[in-house]
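See structure below.
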Amino acid sequence: MAISRKRKADELLSSPAAITCAPPSPDFFRSLPPRLQEQDNLDYFEAFHVKRRNVMKSLFQDTEWHRLQLDYQFLTDFVTDPRCSISFGRPVILKMLGLFESDDERERVALATLLKGIYDRFPEHRVLIRTSVYDIFYQFNCSSDSKHNGIPELLTFLKNIVEERESACLEDEFKVFLLRSLIPLYKSKWLVMFYPYLRNCIAEFIVKDRKIADSVMQGMLRYWPKQGSSREYFFLDAAECFLVEAKLSTDFSSSVVGSLEKIAGCLKSLQFNVAEKALSLLDVDGGLGILIKKNFKFILQIMYSGLKEVAAKHWRPKTRELAMKISTALKAIDPVFYDDCYIASLFCEEDETGMEWMALARAERWTQLEGMAAAKKEWSGLSTNFRKELCS
């Protein structure tokens, strides 16, 4: 039955005559089935490892997809064909956006393709689609425990919208959404499921308007993990992408300086993947190589202490070897200034050693004073009791 409908649709689309279709009803789209119990029990790290093994796609596949695929393809063909005249109402668009919570990735990709076709074909629905997508992200940020399967596809949809805009700078609507909705996604516990899409989407915002790079970096610093965590890897990856796209000059803002200090702190991380990612940012042949060469003295002053520590004390031999390799490459840029940083670090170590010795001496002196005070209190108590006995 479905195949015969597909043949009729192909015959209609192949004819040169114009085609007029009735507006689709919200009932054209199905209601989502109950979510699988095993998916509800899937926590952060389990989801990450399942996706790494590429098993998630086969784990949550809908058995009705062979029929749904024909329906989505049928509607997409009518939407994208300029000879077809079709209209969509508000309930239909909202019902379609609700289906992005589907467990099947193939259905979400088909929905994103259909939504993009409607957005391009019908300008009168663009405001409705954008505001509805914004609401999905706002609700997802407010309810941190709930998961939304369609975040990657919606981020890709927004990236394509921003990329196709002809204006030289972004409107206030997109800037507000970027700062209030997209950047707070970095605090989500489901970040591992969509962080590549989030990084690429924000990078496209920066490409369109590089003036917002400073605000983006400030938002990243606001949500940067306070303690050493594997999530810092995602922030380092995003910081590299944003700094490359921003094409910074020699004038650094406070947010960029803060980002460089966070990268220097990640060099000392005990998690080798975080430390090696931070080391890769200092590679002169990498994406930030031009920025490092232009601002070598300023950046090296921030990074040298962490670079020296990881090269000497990190527990993983390969990480230490990588740090030595990066140090050699940086030294080749300006050997004199590199040696100056080394000498300055020796003075800092001496100062730190002196401060530690003074702290130990101070603590020992306080211990002696406390002991003397306790002894004096005990002796005064004994003398008082002795006087009472004499008087009695």
Side-chain angles (χ1 to χ4, degrees), residues 1-42 47 50-51 53-122 125 128-129 132-133 135-136 140 146-158 160 193-194 197:
M1 181 68 179
I3 297 176
S4 61
R5 285 188 298 168
K6 177 62 177 174
R7 289 177 179 174
K8 292 181 180 179
D10 293 338
E11 292 176 358
L12 287 173
L13 293 175
S14 61
S15 63
I19 304 171
T20 303
C21 301
S25 170
D27 297 334
F28 180 87
F29 300 98
R30 64 166 186 158
S31 299
L32 289 176
R35 180 163 291 183
L36 299 176
Q37 184 178 1
E38 51 266 27
Q39 184 172 2
D40 291 333
N41 297 332
L42 207 65
V50 167
K51 192 165 186 179
R53 298 190 187 102
N54 202 17
V55 180
M56 184 172 288
K57 294 181 181 180
S58 60
L59 187 61
F60 304 121
Q61 286 188 349
D62 199 325
T63 56
E64 297 293 330
W65 172 245
H66 65 282
R67 180 185 63 81
L68 296 173
Q69 182 181 14
L70 295 177
D71 294 338
Y72 285 127
Q73 185 63 40
F74 175 78
L75 190 56
T76 303
D77 290 342
F78 271 93
V79 169
T80 56
D81 196 319
R83 298 169 301 164
C84 300
S85 176
I86 188 172
S87 61
F88 290 86
R90 179 187 178 90
V92 177
I93 295 176
L94 296 180
K95 183 68 175 293
M96 185 168 51
L97 289 172
L99 288 175
F100 274 96
E101 293 193 24
S102 173
D103 297 330
D104 198 330
E105 183 180 1
R106 299 170 298 180
E107 182 176 8
R108 299 196 300 269
V109 172
L111 282 167
T113 304
L114 178 58
L115 185 65
K116 187 63 172 59
I118 296 175
Y119 188 88
D120 294 339
R121 179 79 183 278
F122 305 100
H125 295 319
L128 172 62
I129 292 175
S132 301
V133 172
D135 290 340
I136 292 175
F140 179 73
S146 62
K147 177 187 174 185
H148 196 289
N149 295 322
I151 295 297
E153 287 76 19
L154 292 175
L155 287 171
T156 305
F157 171 73
L158 289 173
N160 294 332
M193 305 296 293
F194 55 80
Y197 306 94

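Expressed to the nearest 0.5 Å, how far CG of D135 lies from CZ of F140 amounts to 15.0 Å. Rounding to the nearest 0.5 Å gives a distance of 13.0 Å between CG of L128 and CZ of F122. Atom CZ of R90 is separated from atom NE2 of H125 by 11.0 Å, given to the nearest 0.5 angstrom. Rounding to the nearest 0.5 Å gives a distance of 10.5 Å between CD of E107 and CD of E153. The CG atom of L114 sits 10.0 Å away from the CD atom of Q73 when rounded to the nearest 0.5 Å.
Listed here is the closest heavy atom pair of V79 and I118: CG1-N, 3.7 Å. Nearest heavy-atom pair across L111 and M96 is CD2-CG, 3.5 Å.
Looking at Y72 and W65, their side chains come closer than 4.5 Å, going by heavy atoms from C-beta outward. Side chains of D71 and L75 form no contact here, defined as non-hydrogen atoms less than 4.5 Å apart.
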Quick one, N160 with Y119, criterion side-chain contact (heavy atoms from CB on, under 4.5 Å). Give me CA distance, side-chain angles, the key distance, then yes/no. CA-CA 11 Å; N160 294 332; Y119 188 88; over 6 Å; no
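Taking D120 as the reference, K116 meet the side-chain hydrogen bond (donor to acceptor under 3.5 Å, both in side chains) condition, with sequence neighbours excluded. By the side-chain contact (heavy atoms from CB on, under 4.5 Å) test, L97 pairs with I93, F100, L115, S132, V133, I136, sequence neighbours left out.
Among L158, T156, I151, the single residue meeting the side-chain contact (heavy atoms from CB on, under 4.5 Å) criterion with Y197 is T156.
Checking side-chain atoms of R108 against main-chain N and O of N149 turns up a donor-acceptor pair under 3.5 Å.
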